[in-house]
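Side chains included, hydrogens not; waters and symmetry mates left out as well; all remaining heavy atoms used. So you know, we letter chains A, B, ... as the sequences are listed, proteins then strands, and number each from 1. Computed from a prediction, not measured in an experiment: that's the story for all the values here.
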Amino acid sequence: MADQRLPSRSENFADWYNQVVLRAELADYAPVRGCMVIRPYGWALWENIRDTLDRRFKATGHVNAAFPLFIPMSFLEREQEHVEGFSPELAVVTIGGGQELEEPLVVRPTSETIIGHMYAKWIKSYRDLPVLINLWNSVVRWEMRTKLFLRTTEFYWQEGHTAHATAEEAEAETLQMLDIYADFAEREAAVPVIRGRKSQSEKFAGAVHSYTIEAMMGDRRALQSGTSHNLGQNFAKAFEIRYLDQNNELQYCWTTSWGLSTRFIGAIIMVHGDDQGLILPPRLAPHQVVVVPIFRSEEEKSTVMETVERLAQQLGERFRVYVDRREGLTPGFKFNDWEMRGVPLRVEIGPKDVAKGSAALARRDQPGRAGKQFVDQAGLTETVASLLDEIQASLYQRALSFRQEHTHQPEDYEAFKDVVQNGWAESWWCGDAECEAAIKEETKATIRCIPLDQPGGSGKCIRCGNEADEHAVFARAY
RNA sequence: CGGGGUGUAGCGCAGAUGGCAGCGCACCGCGUUUGGGACGCGGGGGUCGGCGGUUCAAGUCCGCCCACCCCGACCA
């Protein structure tokens with residue numbers, strides 16, 4: 001049936017994206033403007049992202065805690081740049097229990113300020129440092145324009161907040177967390193990223209400088225997929241986060257913050273998906289393997305289900321396996337349904353397989369009949385293991401090649417303007433904010449980052465022709 | 001905030017000139033089906049976004065309001 005197809009990705013990427021999110025049951029629109037419900041399948045994906053990140057945080061000495069949703073308005077106002085950056089998008093509570101509040105409460109847009117307040121209380125001595133706390137929570141930013149996962153009024157994320165004795169230590173932490181994000185993105189999500197520094201105009205409000213991982217989506221636009229900020233002593237000074245050093249001298253701390261949000265789910269969708277729907281990387285997929293039983297009669301059903309349950313049990317020891325026991329749906333329908341939902345590997349078991357001791361495997365990264373193969377039930381676990389690894393690796397490779405194909409080094413500004421409408425440009429940039437603003441004005445492209453990996457040497461700024469010693473990545477972004 | 005669009009069953013839509021609120025999909029029941037999006041028969045489901053007005057009569061005409069989506073300026 002025609003209306004069961006998705007809009008094509010190449011013709012209408014935005015429509016395709018919305019349809020995939022809704023039809024794969026990752027999320028749904030909530031009754032409040034800009035808000036969404038993350039459905040069980042989407043949340044399961046987030047849980048996998050969360051768990052794998054959390055392991056990395058714990059392994060580097062961080063601990064989790066919970067901080068309140070409400071923040072006194074006055075806290076926001078203590079760091080000038082911070083309040084200027086966030087005030088347009090704050091949700092503010094002015095009434096509680098039917099009474100006008102003495103001081104309005106902000107629904108946290110991020111927790112730097114309340115963290116600052118508490119750290120000031122807790123940190124007295126160099127012996128208290130470093131403080132390495134992470135929060136798993138949601139925050140609210142009143143955005144003008146929203147899009148499922150990519151930008152919603154409320155979103156889930158983690159925010160790490162650390163305090164250190166020295167600038168060097170804080171910078172090392174900031175970079176360490178950026179590396180953790182990059183490692184997560186590439187190894188778990190199969191999303192290749194560019195690590196880099198944000199320009200001053202794009203950095204976090206209140207940071208000294210911000211780092212980012214940038215990924216190229218299927219429509220060649222860039223998505224900031226995780227950020228790590230070196231806050232210097234800005235928040236320490238605003239909140240009096242001080243400690244006594246070994247010489248009994250009072251010093252301001254150096255702080256950092258870093259975050260990765262449910263927006264990353266949007267990246268996974270837009271990097272890997274195809275016209276059939278979602279393609280989830282095996283390491284994060286809620287169901288790594290789905291088993292579809294095929295039978296006609298009741299007799300066939302019982303022998304097929306016996307085999308299915310046995311194989312599922314066996315596979316379940318190593319993988320996240322789901323058996324599709326739904327009645328009254330044809331196998332064909334189920335094949336399409338699981339492809340829509342991006343399950344990396346499908347196992348089909350029918351009467352012929354029971355008789356022959358075989359199983360049909362279909363890999364999602366090669367849709368339709370092309371990705372099918374017939375294998376022995378003996379050794380199925382090993383076969384599945386290597387296939388999942390292969391799928392994970394090929395998704396990464398495919399995404400990387402795509403990014404390389406669409407990343408250009410234009411010769412001059414004319415070529416630059418052209419290239420940046422349909423891909424990324426890597427060019428020399430003089431570092432001047434006015435130049436940056438002009439480029440944005442003239443092309444809609446922004447500096448996504450100044451990559452940590454630099455070619456070295458120097459050149460001429462792509463726009464003004466002045467001496468430039470850094471390369472920047474320019475692109476239209478989400 | 002500007003531009004555009006849409007509000008009628010869970011979803012997608014039809015309902016010229018006002019006159020019994022419909023179709024497809026989905027859902028429920030029964031039967032036949034089932035290796036790439038099955039079919040038949042039967043069934044349930046509605047304050048037509050809201051308020052007001054015109055009229056014997058409003059989903060339809062008029063006014064006001066609200067909501068949501070898409071495209072731009074701000075943002076993870």
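The two residues A/M177 and A/S228 come nearest to each other via the heavy atoms CB-OG, 3.9 Å.
Taking atom C1' in both B/C70 and B/G37, one finds a spacing of 29 Å when rounded to whole Å. Comparing the same atom, P, in B/A14 and in B/G52 gives a spacing of 28 Å after rounding to whole Å. For B/G24 and B/C20, the C1' atoms lie 22 Å apart once the distance is rounded to whole Å. Rounded to a whole angstrom, the distance from the P atom of B/U47 to that of B/G59 is 14 Å. Annotation: B/G31 and B/G49 have their C1' atoms spaced 42 Å apart (nearest Å). For the C1' atoms, the distance linking B/U8 with B/G22 amounts to 10 Å, nearest Å. Between B/G15 and B/C23, the two P atoms lie 15 Å apart (nearest whole Å). Nucleotides B/U34 and B/G40 are separated by 16 Å at their P atoms, to the nearest Å.
For the OP1/OP2 pair of B/C74 and a distance below 4.0 Å, the side-chain nitrogens and oxygens of A/K440 include at least one atom meeting the criterion. Note on A/T330: a side-chain N or O is less than 4.0 Å away from OP1 or OP2 of B/A38. Checking the phosphate oxygens (OP1, OP2) of B/U34, a side-chain nitrogen or oxygen of A/R296 falls inside 4.0 Å.
Counting any heavy atom pair closer than 4.0 Å across all strands shown, A/E348 reaches a base atom. Among the protein residues, A/F155 comes within range of the nucleic acid bases, having at least one heavy atom under 4.0 Å from a base atom. Residue contacts for A/T152: at a heavy-atom cut-off of 4.0 Å it reaches a base atom on one of the strands shown. Note on A/G259: nothing from the nucleic acid sits closer than 4.0 angstrom, heavy atoms only. Looking at heavy-atom distances under 4.0 Å, A/K334 makes no contact with the nucleic acid at all.
Whole-Å rounding puts the A/E300 CD to B/G35 C1' distance at 11 Å. The nearest whole Å value for the distance from the CD atom in A/E89 to the C1' atom in B/A73 is 14 Å. Atom CH2 of A/W16 and atom P of B/C70 are 15 Å apart (whole Å). Between the CG atom of A/L150 and the P atom of B/C74 there is a distance of 18 Å, rounded to whole Å. Between the CZ atom of A/F13 and the P atom of B/C70 there is a distance of 14 Å, rounded to whole Å. Atom P of nucleotide B/C68 and atom CG of A/N18 are separated by 15 Å, given to the nearest angstrom. The CZ-P distance, from A/R151 to B/C71, rounds to 11 Å in whole Å. Atom CG of A/L329 and atom P of B/C39 are 13 Å apart (whole Å).
No close placement of the A/Y181 and A/F184 rings is indicated, their centers lying 6.0 Å or farther apart.
In this structure, B/G18 forms no base pair with any nucleotide, since neither Watson-Crick nor G-U wobble geometry is met with both distances under 3.5 Å. Here B/G63 sits opposite B/C51 as a Watson-Crick or G-U wobble pair (both hydrogen-bonding atom distances under 3.5 Å). Look at B/G45: it lacks any Watson-Crick or wobble partner with both distances under 3.5 angstrom. Using Watson-Crick or G-U wobble geometry with both donor-acceptor distances under 3.5 Å, B/C74 finds no partner in any strand shown. Base-pair partner of B/G31: B/C39 (Watson-Crick or G-U wobble, both distances under 3.5 Å). Searching all strands for a Watson-Crick or G-U wobble partner of B/A9 with both distances below 3.5 Å returns nothing.
Atom CG of A/N137 and atom CZ of A/F67 lie 10.5 Å apart (nearest 0.5 Å). If you take CG on A/L231 and OG1 on A/T174, they are separated by 7.5 Å, rounding to the nearest 0.5 Å.
Checking B/G72, B/G35, B/G37 against every side-chain atom of A/N336, the shortest atom distance belongs to B/G37. Comparing B/U34, B/G36, B/C74 against the side chain of A/A362 picks out B/G36 as the nearest. Distances were taken from every side-chain heavy atom of A/K372 (C-beta onward) to each of B/G36, B/G35, B/G72; the shortest belongs to B/G36. For A/F335, the side-chain atoms get nearest to B/G36 when compared with the rest of B/G37, B/G36, B/C69. Closest to the A/P331 side chain, of the nucleotides B/C75, B/G35, B/G72, is B/G35. Picking from B/C69, B/C75, B/C71 the nucleotide with the shortest atom distance to the side chain of A/A14 gives B/C71. Side chain of A/F333, nearest nucleotide from B/G35, B/C74, B/G37: B/G37. Taking every side-chain heavy atom of A/R476 into account, B/G72 is the closest of B/C75, B/G37, B/G72.
Defined by atom type and a distance below 3.5 Å, a donor-acceptor pair is missing between the side-chain atoms of A/T60 and A/Q176. The closest side-chain donor-acceptor pair between A/S297 and A/E299, if any, does not fall under 3.5 angstrom. Checked by atom type, the side-chain pair A/H161/A/S257 shows no donor-acceptor distance below 3.5 Å.
In B/A16 the base sits syn relative to the sugar, since the glycosidic angle is no further than 90° from 0.
On a pure distance criterion of 3.5 Å, no polar donor-acceptor pair joins the side chain of A/D337 and the base of B/G37. Counting distance only, with no hydrogens placed and no angle test, the side-chain atoms of A/R346 and the base atoms of B/G36 include a donor-acceptor pair under 3.5 Å.
The stretch residues 345-357 of chain A participates, sequence neighbours left out, in these side chain to side chain donor-acceptor pair (under 3.5 Å) pairs: A/E339-A/R346, A/R346-A/E348, A/E348-A/K372, A/D353-A/S358.
Comparing A/K147 and A/T262, the nucleotide of RNA chain B nearest to each residue sits closer to the 5' end for A/K147. Nucleotides of RNA chain B nearest to A/G328 and A/F295 differ in position, and the one nearer the 5' end is that of A/F295.
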Evaluate the criterion salt bridge (Lys or Arg N to Asp or Glu O under 4.0 Å) for residue pair A/E81 and A/K203; output intermediate values, then yes/no. CA-CA 11 Å; A/E81 194 179 302; A/K203 76 173 171 61; 2.4 Å; yes
